[in-house]
Amino acid sequence: MKNSEIAKVFSDIADLLELKGENVFKVRAYQKVVRSIEHLPVEIEQMVKEGRSLREIPGVGDAIEKKIIELVTTGKLPVYEELKTEFPKGITTLLEVPGIGPKTARLLSTELDIGSIEELEAAIVGGQVARLYRMGDKTAENILHQIQALRRKDQRIPLGEAMAVVDEITARLKDVPGLRNLIAAGSVRRFRETIGDIDMMGTADDAGKVIHAFTSLPQVTEVIASGGTKASVIVAGGLQVDLRIVEHEAFGSLLQYFTGSKEHNIVIRERGRRQGLSLSEYGITDLKTGWLEKYASEEAFYGRLGLQYIPPEIREGGAEIDMAAQGRLPGLVEMGDIKGDLHVHTSASDGRDTLEAMARAAKEHGYEYVVITDHSKALGMAHGLDTERVKQQKAEIEGLNRKIGGIRILSGMEVDIRADGSLDMPDEVLAGLDVVVASVHSGLTEGEEKMMRRITRAIENPNVDIYAHPTCRLLPGREPAAVNMEALFQTALRTGSALEINASPSRLDLKDVHIYRARELGVKLVMSTDAHSTEHFGFIRFGVGIARRGWCEAKDILNSKPLDEFLSSLKKGGV
DNA sequence: GCCGTTTTCGGCCCGACTGTTTTCAGTCG
C-alpha cells in the first residue's frame, strides 16, 4: 500500500471524526499525521516490513502506529469502516465545496439527508437549505455559486501565467498613494510550478484606500470578500487573487505569514508556542507579558525564534526548520551565479531572433558565455539544421565572436534523439561542436522500457554532454513521458552526462523533487532557458526558483562555473 | 490523539470575514 493511499484513509478518518463532532485536537492529530505521511521520503510499507518503528514519524503515537500497521498488513481498518457507516455515503464530498465545513455538512446530512453535491444543489433550489438554523438566503446562494464555480474550475495554472497576472496588477496599483512593499507572496514567491491562487500583500498608511483600488481594478470580475485590511477577488480567467495590507512596521511578519507554506507556518508556530511565543501576521506576542513585538523584516522574525533566515522556496514544513535551528541551511543558487545559457534557438531553426540578436541579448543579460543550440534536421517543422548548415553556423559564430566581444559564443546543437536512440546527426559533426544537447521530441507515449532504452543509448554517446528537458512534459497539459527517473539518474552518473533544468515556464523539467534527488546523488546539473526569442532569457528566474526548491547551491549547477571550468566539467572535457 | 528546554497532564497556530445573529459560529487561509 502506497503512502498516498494510507494518507487518504487517515484524511478520511479526520473528516469523519470532524463531522461526528469529535474533539478538535484529536481531529487535528489525524490531519497532522496525514501531512507527515505525504511528505515522507520513504514508503511506510517498507518501514513496516523492516520492522522499523513508525513512532519516528512526526505526529505518530501509540494509537496511530497500531492503526497504520493494521492497515498496511491487512489492507483494512475496522475503525474506518465503522466510521463510514455512521454517515450517508458521499458526505465527505460536500466538504469539497468551499464554504461548507464539517458543521454545515453534518447539518445538511442530518436535517435534509443530503449525501451528494447534486442532492445539495436540488435542496438549495428547492429552498430547504435556506430554512435551516443559522443558514439563510444569502448563505444558500453562496453555496450554489461555489458549486457552479467548482464545476467549471480550471486546474492550477502554470507559474509563468500567474507571474504575468502579478506583474499586471502590480503595475496598476503601484501609484496608489501610501502603498509600499507590494509583492506577491504565497506559492508564487515559493516558485511552486503551478499556482492555485495568487496572494499579494503590501503595507500602507491607509489600507482602506488600497483595498478599494484593488477591488476596483478593471480585470476584477467578482469581489468575493472585502474588509478593512484584506480582500479576495476573481480576475478575468477565473483566477482568485487575495490582497492583504498591514502597517509598514509589521511587513516582515506579514510577508512571512503570507508566504507560507501553510505546513511551514504551522510548524513554526508550534515551535514558537514551546518558546512561550505566539506568532501572527502582526508580529510575535510574548505570552507572559502580552507584549506584541513587530517585525519589519523576515530575517528579524526568524531570528527571534532562534532560526536562520529560511528562503521561501524551501518553506515546506520539512527538514528546513531543524536545519535553520542548527544554522546549517545551504546557501542556495542565485540568479547572479548563472554564467551562461546553454540551450538557445535562433531564426536558423524555430527561434524568432537572429543569431546575432540572441548573442547580444545574452551579453546584455550579463552572461560570460552562451551556447547556440538549434534543432537538428529531423524536426522538419522547426526547420532543423543539416550537416551543411551546421558548418555554416559554426563559421557565423566564429565571425560573431570577433565582432561582438565581451561574451563567448559557443557552437552547439539540440540534436534529436530518434525512436531507436540513435542521434539525428553524424558523430563526427557532433564531435566538432563545443556543447551537445540531446532531447526527445517524438514518440512521447512509448512505454517505459522502450523509452528508457532510447534515452540510455542516446546519453551513452560520448558526444552528448547534456540531456535536455528529461521528461518532456508541458505545463499545463502534457503529461511526462514514461521516464524512470531513478534509472535515468544512474545512467547520467555512469556516463558523466549532465541533466538539464529547463527553465521555460511551460516546461520546468527537471522539476523540483527530481532536482532534489539528482543533487543528492551527485548527478551533474545544468540550467538553461530553451530561449526561442531574446526576451526568453528572462526565464532563467524560473529555473533558479525551482533549483532552489531542489536545495541547489551554485556549485551544483555546472553553468555557474567560469567558461574554462565549465567546459572541462562537461563529459567531453572532463574525462 | 500527540507531546514535553515550563509540563507524563493539560495544553494543542492565529486572525479575518461573512451571515446570521443581537454576541457569535463557521469557515478559510
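All values derive from a computational prediction rather than experimental measurement. Keep in mind that the numbers below use all heavy atoms, side chains included, and drop hydrogens, waters and symmetry copies. Quick note on labels: first sequence line is chain A, next is B, and so on, each numbered from 1.
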task: Figure out the OH/P separation between A/Y133 and B/dT21, and round it to whole Å.
output: 7 Å
message: Does A/D62 reach a base, just sugar-phosphate, or nothing at all? Heavy atoms under 4.0 Å.
response: sugar-phosphate
field: Touch class at under 4.0 angstrom, heavy-atom based, for A/V246 against every strand present
entry: nothing
query: If you look at every strand shown and take non-hydrogen atoms under 4.0 Å, does A/D197 touch a base, only sugar-phosphate, or nothing?
result: nothing
query: Mind checking the C1' distance from B/dT20 to B/dG26? Whole angstroms is fine.
result: 11 Å
- request: Check every strand shown and say whether A/I268 touches a base, only sugar-phosphate, or nothing at a heavy-atom separation below 4.0 Å.
  value: nothing
query: Given B/dC14, B/dA16, B/dC28, which nucleotide is nearest the side-chain atoms of A/T229?
result: B/dA16
message: Looking at A/D205, I want to see if its CG is surrounded by more than 12 non-hydrogen atoms of other residues, nucleotides or ligands under 6.0 Å.
response: yes
query: Which of these nucleotides, B/dG26, B/dC14, B/dT18, is closest to any side-chain atom of A/R273?
result: B/dC14
message: Which nucleotide wins on minimum distance to the side chain of A/I266, given the candidates B/dG15, B/dC13, B/dG1?
response: B/dC13
message: Work out how far the C1' atom of B/dC2 is from that of B/dT7, and round it to whole angstrom.
response: 14 Å
task: Remember a base hit wins even if backbone is also touched, and classify A/G228 as base, sugar-phosphate or nothing at under 4.0 Å, heavy atoms.
output: sugar-phosphate
task: Could you give the distance separating B/dT23 and B/dC17 at their C1' atoms, to the nearest angstrom?
output: 16 Å
message: Check for me whether A/R189 meets the cation-pi criterion with A/F191, that is, NZ or CZ under 6.0 Å from the six-membered ring centre and within 45 degrees of the ring axis.
response: no
statement: Partner of B/dG15 under the Watson-Crick or G-U wobble criteria, both distances under 3.5 Å, comes out as B/dC28
- prompt: How far does the C1' atom of B/dT8 sit from the matching atom of B/dC3, given to the nearest Å?
  reply: 9 Å
statement: Testing B/dG15, B/dC14, B/dA25 for proximity to the side chain of A/R134, the answer is B/dA25
- request: May I ask you to say what A/V60 touches in the nucleic acid, namely base, sugar-phosphate or nothing, with a heavy-atom cut-off under 4.0 Å?
  value: sugar-phosphate
query: Does a sphere of radius 6.0 Å around NZ in A/K103 hold more than 12 heavy atoms from other residues, nucleotides or ligands, not counting ones at 6.0 Å or beyond?
result: no
message: On DNA chain B, compare the nucleotides closest to A/D137 and A/Q275; which residue's is nearer the 5' end?
response: A/Q275
message: Under 4.0 Å, heavy atoms only, any strand: does A/K288 hit a base, just the sugar-phosphate, or nothing?
response: nothing
- request: Would you mind telling me which of B/dT27, B/dG4, B/dC12 lies closest to the side-chain atoms of A/R28?
  value: B/dC12
- prompt: Does a sphere of radius 6.0 Å around CZ in A/R304 hold more than 12 heavy atoms from other residues, nucleotides or ligands, not counting ones at 6.0 Å or beyond?
  reply: no
- prompt: Is it true that A/E70 and A/K76 have a side-chain N and a carboxylate O under 4.0 angstrom from each other?
  reply: no
query: What nucleic acid atoms does A/Y257 come within less than 4.0 Å of, heavy atoms only: base, sugar-phosphate, or nothing?
result: base
statement: Of the listed B/dG1, B/dA16, B/dT27, the closest approach to the A/E281 side chain comes from B/dA16
